[in-house]
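Comments concern the structure below.
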Amino acid sequence: MTVPTKPTPRTPEPRAAEALPSLPALHEPVISWFEDHARDLPWRRPEAGPWGVMVSEFMLQQTPVSRVLPVYEQWLARWPRPADLAKEPSGEAVRAWGRLGYPRRALRLHGAATAITERHGGDVPAEHAQLLALPGIGEYTAAAVASFAYGQRHAVLDTNVRRVIARAVAGTQYPPNATTAAERKLARALLPDEESTAARWAAASMELGALLCTARGERCDRCPIASLCAWRLAGKPEHQGPPRRAQTYAGTDRQVRGKLLAVLREATAPVPQTVLNRVWDEPVQRARALDGLVSDGLVEPLAGGLYRLPHS
DNA sequence: TAACCGTGGAA
DNA sequence: TTTCCAAGGTT
């Protein structure tokens, strides 16, 4: 038998810049397609302003556009400026959030509005670092607000853009489960040099992922860059890596929390524990879920076994 | 890093 | 019916 005397030589690092398709070949068709096919969404209209953009980004975190639209309209009509929301108890934000899901986002949006009112004179800050410092705003949302609302040049890496880049450039069906440094580097390399072009590219590549380059049932026949898409040219190989995280829901604390909060959202007066008890039979899990909501600041306990949405 | 955090529609 | 997934953030 033979013993390997040397480790197999490593594949050379892909030379990012030279391995990429010509950038204008990518940017121009996508931006041109966007100009013809972009949806007329309320947060894209000039009157939305930075606050409208920011509210939409909070609501769109893990939530489809169709479900955000009505809540967004009501929200902006009621709280047209950050200071209007900051004046309200946080529980009103949770109530108005309705059934969008992940209600901690409502709490954080209220907290962000408060911070904007106190620290930024009531105006949504334009700097990425200042946005990132606000509650509920991470790398993606900071870049999105800076790009969409202020026209700045940032890599706006959401699930849509990640999928478009994975397919068109990296040649894989899906991006990795968690955003990697390599993805960020590639996205930055793909960014047009000119600021306003970069901002349009961000919106256009995201829309491409939302409308055509979708997770399932992609419409390559209408895609403006189908002819240079690495994944399509490779014959659309199926996803190789570990299975994409399958989320369970039935029977979890999340489901119980959702049921408890639904009761409190609908109530106009404090709710007795006995009423909350009806939403879930198993007492240990029910208590754990309620405690979690209280410690998260989504529910306020009162004396006498009463509960309500927070008045702070 | 991985688990946790809601909800509903489409396939 | 079940599974997938949707403009993520926080711990």
Side-chain angles (χ1 to χ4, degrees), chain A residues 34 38-39 41-44 48 52-72 94 97-109 111-112 131-149 154-165 173-181 183 187 202-211 213-218 239 242-265 279 285 288-289 291-293 295-299:
Chain A
F34 181 65
R39 291 167 292 179
L41 300 170
W43 44 87
R44 285 180 176 161
V53 171
M54 184 176 139
V55 169
S56 77
E57 290 303 336
F58 270 78
M59 293 182 173
L60 287 163
Q61 289 167 3
Q62 300 283 285
T63 305
V65 167
S66 59
R67 288 176 44 214
V68 165
L69 284 170
V71 183
Y72 172 87
V94 174
W97 197 254
R99 306 191 64 82
L100 282 183
Y102 292 144
R104 292 194 287 199
R105 293 182 292 166
L107 224 45
R108 290 169 182 153
L109 180 51
L131 288 162
L132 198 55
L134 297 172
I137 294 193
E139 179 60 38
Y140 161 75
T141 303
V145 172
S147 181
F148 301 156
H154 295 280
V156 182
L157 256 194
D158 80 317
T159 187
N160 290 304
V161 176
R162 293 179 64 218
R163 188 173 53 248
V164 167
I165 292 177
Q173 184 178 20
Y174 297 123
N177 275 332
T179 307
T180 63
E183 281 184 275
S205 55
M206 187 176 304
E207 190 78 336
L208 186 68
L211 296 185
C213 195
T214 48
R216 291 183 294 185
E218 67 279 2
H239 182 64
R244 316 176 72 213
R245 151 169 152 261
Q247 52 182 357
T248 55
Y249 181 65
T252 61
D253 286 7
R254 282 153 88 174
Q255 184 182 22
V256 184
R257 288 166 56 109
K259 285 176 176 291
L260 290 169
L261 207 55
V263 172
L264 294 169
R265 271 198 313 264
V279 308
Q285 187 178 28
R288 185 172 66 232
D291 284 350
L293 287 170
S295 62
D296 285 348
L298 284 164
V299 172

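Nucleic acid contact for A:G101: base, since at least one base atom lies under 4.0 Å from a heavy atom of the residue. Within 4.0 Å (heavy atoms only), A:W43 reaches at least one base atom of the nucleic acid. At the heavy-atom level, A:R265 lies under 4.0 Å from the strands shown only through sugar-phosphate atoms. In this structure, A:T252 reaches neither bases nor backbone, as no heavy-atom distance under 4.0 Å exists between it and the strands shown. When heavy atoms are screened at a 4.0 angstrom cut-off, A:Q255 is found touching no nucleic acid atom at all. When heavy atoms are screened at a 4.0 angstrom cut-off, A:A215 is found touching the sugar-phosphate backbone but no base atom. Heavy atoms of A:R39 sit under 4.0 angstrom from at least one base atom. As judged by a 4.0 angstrom heavy-atom cut-off over every strand, A:D253 is placed among residues touching the sugar-phosphate backbone only. Contact annotation for A:Y249: base contact, defined as any heavy-atom pair under 4.0 Å involving a base atom. A:L41 comes within contact range of at least one nucleobase, with a heavy-atom separation under 4.0 Å. Residue-level contact check: A:L261 touches neither bases nor backbone, having no heavy atom under 4.0 Å from any strand.
Rounded to an integer number of Å, the gap from A:D158 CG to C:dG8 P is 6 Å. Look at CZ on A:R254: it is 10 Å from P on B:dT7, rounded to the nearest Å. Rounded to an integer number of Å, the gap from A:R163 CZ to C:dC4 P is 16 Å. What separates CZ of A:R108 from P of B:dC5 is a distance of 12 Å, to the nearest Å. A:K259 has its NZ atom 9 Å from the P atom of B:dT7, to the nearest Å. Atom CG in A:L131 sits about 15 Å away from atom C1' in C:dA7, given to the nearest Å. For A:R288 and B:dC5, the CZ to P distance is 9 Å, given to the nearest whole Å. Residue A:Q61 contributes atom CD, which lies 11 Å from atom C1' of C:dT10 at whole-angstrom precision.
A:Q62 has a side-chain polar atom (N or O) that falls below the 4.0 Å cut-off from OP1 or OP2 of C:dG8. Between A:T159 and the phosphate of C:dA7, there is no side-chain N or O to OP1/OP2 separation shorter than 4.0 Å.
Residues A:L60 and A:V68 approach most closely at CD2-CG2, 3.7 Å, considering heavy atoms. Residues A:L298 and A:L261 approach most closely at O-CD1, 4.0 Å, considering heavy atoms. Across all non-hydrogen atoms, the minimal contact from A:A48 to A:Y72 is CB-OH, 3.7 Å.
Under the salt bridge (charged side-chain N to carboxylate O under 4.0 Å, His left out) criterion, A:R163 pairs with no residue at all, not counting sequence neighbours. In this structure, the side chain to side chain contact (heavy atoms under 4.5 Å, CB included) partners of A:L211, at least two apart in sequence or on a different chain, are A:W33, A:R39, A:E207. Partners of A:R99 according to the side chain to side chain contact (heavy atoms under 4.5 Å, CB included) rule, which considers only residues two or more places apart in sequence or in another chain, are A:A262, A:R265. Partners of A:Q61 according to the side chain to side chain contact (heavy atoms under 4.5 Å, CB included) rule, which considers only residues two or more places apart in sequence or in another chain, are A:R105, A:T141. Annotation: side chain to side chain contact (heavy atoms under 4.5 Å, CB included) contacts of A:A112 (sequence neighbours excluded): A:M54, A:F58, A:L134, A:P135.
The closest side-chain heavy-atom distance from A:R257 to A:L260 is not below 4.5 Å.
With DNA chain B read from its 5' end, the first of the two nearest nucleotides for A:G258 and A:A178 is the one closest to A:A178. Nearest-nucleotide mapping onto DNA chain C: of A:N160 and A:I137, the residue sitting toward the 5' end is A:N160. Sequence order on DNA chain B of the closest nucleotides to A:T179 and A:A262 puts A:T179 first from the 5' end. Comparing A:L134 and A:A144, the nucleotide of DNA chain C nearest to each residue sits closer to the 5' end for A:A144.
Atom P of B:dC5 sits at a distance of 22 Å from the matching atom of C:dA7, rounded to the whole Å.
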Show the distances under 3.5 angstrom between N or O atoms of the protein and N or O atoms of nucleotides 8-11 of chain B.
residue: B:dG8; atom: OP1; partner: A:R99; partner atom: NE; Å: 2.4
residue: B:dG8; atom: OP2; partner: A:R99; partner atom: NH2; Å: 3.3

